[in-house]
Amino acid sequence: MPVLQSQVENKLRERLDPIFLKVEDFSDGCGFKYNIFIVSKQFEGQSLLQRQRLVNEILKEEMNDIHALTQKCVTPEQWEKMVAENPDLAKQDQVQKPSDSTKKCEFHQH
Amino acid sequence: MSVMQRSLLLSTRLASGRSLIRSLSTGLTRTIPMNNLLKTDLLLRPVLITKFSSAVDVKQRIEQMVKSKDIVVFMKGNAQQPMCGFSKAVVDILNMHGAKFESYNVLADEDLRSGIKEYSNWPTIPQVFFKGEFIGGCDILLEMHRSGELVDELKKIGIKSKLDEE
């Protein structure tokens, strides 16, 4: 079963009601690797470990197929500070970096 | 070898380092050294050998591993030659802080690779432990490094970071 980027996005939207969410595929064509950047009120008062555990739990089914996942889980308060420093962050439609075929399969995390 | 001659074999690892082989069709058993398991020409004519190492064994082994040093990293490859960018990042960060660690290569041990994920309830490699406690993976260590929290966490387990300037 292929892991669709939209499936990952939908689940996260449904469960974490994010203020900001960006799921990027960085698989370079060899599999399913995602960068997740998510801002949610639900991360308030939680350690980094707890936040990532929450996301892992939500994506448990998809994790069987996902090869690598990086997460940046921040609270609305942290997000405000980040955007104040770097307004570009809030741009939803960033142009994806061109894939580099020489880097294939370098980053499998499982 | 015809299909009829094939036997389904069960293999159980014994404390002696030998394996108890049992044919499911004939019920015959014999023991052989572990490392001969796949090359021995058994009377039973092995076709399929299922190697069992019980989940309990693996868990006990991991419990010893995570406490084998103040900092323990389960990774792909070893500290000298990481085999994955995420594992390399963890090694680089710890080296930057001058923090010595023990590393275990999950690529060399399939039981460990799946066992560690279950042990820490964490789906990816690398995994970092301080004093037997799971700290996180690459993202978390990197974030702790950036925020300066890592220096404090190292201090808590009695390690002075090279980046600690006070």
Side-chain angles (χ1 to χ4, degrees), chain A residues 3 8 11 22-24 26-28 30-39 43 46-75 77-79 81-82 85-86 89 97 99-100 102-110, chain B residues 66 73-77 81-93 104-153 156:
Chain A
V3 179
V8 170
K11 277 206 171 175
K22 190 159 78 181
V23 179
E24 280 178 308
F26 69 107
S27 67
D28 300 333
C30 87
F32 302 98
K33 308 182 195 175
Y34 296 107
N35 287 323
I36 293 175
F37 192 116
I38 183 164
V39 185
F43 295 141
Q46 295 201 316
S47 69
L48 287 174
L49 190 60
Q50 288 169 326
R51 293 174 196 185
Q52 293 210 4
R53 280 206 191 282
L54 187 59
V55 171
N56 287 340
E57 186 59 37
I58 292 170
L59 300 179
K60 200 169 187 174
E61 210 178 291
E62 288 74 15
M63 282 308 286
N64 294 325
D65 296 317
I66 291 174
H67 290 162
L69 186 69
T70 72
Q71 297 179 33
K72 184 102 180 158
C73 305
V74 304
T75 62
E77 199 183 326
Q78 288 175 311
W79 175 237
K81 279 184 202 159
M82 292 169 87
E85 280 171 24
N86 182 6
L89 273 180
K97 285 179 216 155
S99 64
D100 179 352
T102 61
K103 280 187 168 179
K104 267 190 184 173
C105 296
E106 192 184 342
F107 285 131
H108 287 180
Q109 245 177 322
H110 269 299
Chain B
V66 299
V73 180
F74 295 86
M75 59 180 285
K76 293 187 177 178
Q81 199 171 13
M83 302 294 282
C84 150
F86 296 105
S87 289
K88 183 176 186 307
V90 163
V91 168
D92 287 348
I93 292 168
Y104 294 99
N105 180 5
V106 303
L107 294 179
D109 188 336
E110 191 51 45
D111 285 344
L112 181 61
R113 187 172 180 172
S114 54
I116 191 66
K117 292 180 193 172
E118 201 172 312
Y119 181 83
S120 52
N121 186 25
W122 193 258
T124 51
I125 308 292
Q127 298 191 7
V128 182
F129 288 77
F130 284 4
K131 291 247 188 222
E133 188 197 343
F134 179 59
I135 294 296
C138 177
D139 289 337
I140 290 177
L141 203 72
L142 188 61
E143 193 61 42
M144 286 168 69
H145 168 65
R146 281 188 186 138
S147 69
E149 197 188 330
L150 187 54
V151 171
D152 298 333
E153 288 299 319
K156 276 187 205 164

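Chain A is the first sequence line, chain B the second, and so forth, proteins listed ahead of strands; every chain is numbered from 1. Computed over heavy atoms, backbone and side chain alike; hydrogens, waters and symmetry mates excluded.
Under the 3.5 Å distance criterion, the side-chain polar atoms of B/S87 are matched with a main-chain donor or acceptor of B/K76. Remark: side-chain polar atoms of A/R53 are paired, donor with acceptor, to backbone N or O of B/N121 under 3.5 angstrom.
Looking only at atom types and distance, the side chain of A/N35 has a donor-acceptor partner in the side chain of A/T70 under 3.5 Å away.
Interface remark: A/L69 contributes backbone atoms only to the contact with chain B (heavy atom separation under 4.5 Å). Proximity to chain B is absent for every atom of A/K60, based on heavy atoms less than 4.5 angstrom apart. Interface remark: B/L142 contributes no atoms to any contact with chain A (heavy atom separation under 4.5 Å).
With contacts defined as side-chain heavy-atom distances shorter than 4.5 Å, the pair B/I140/B/W122 qualifies.
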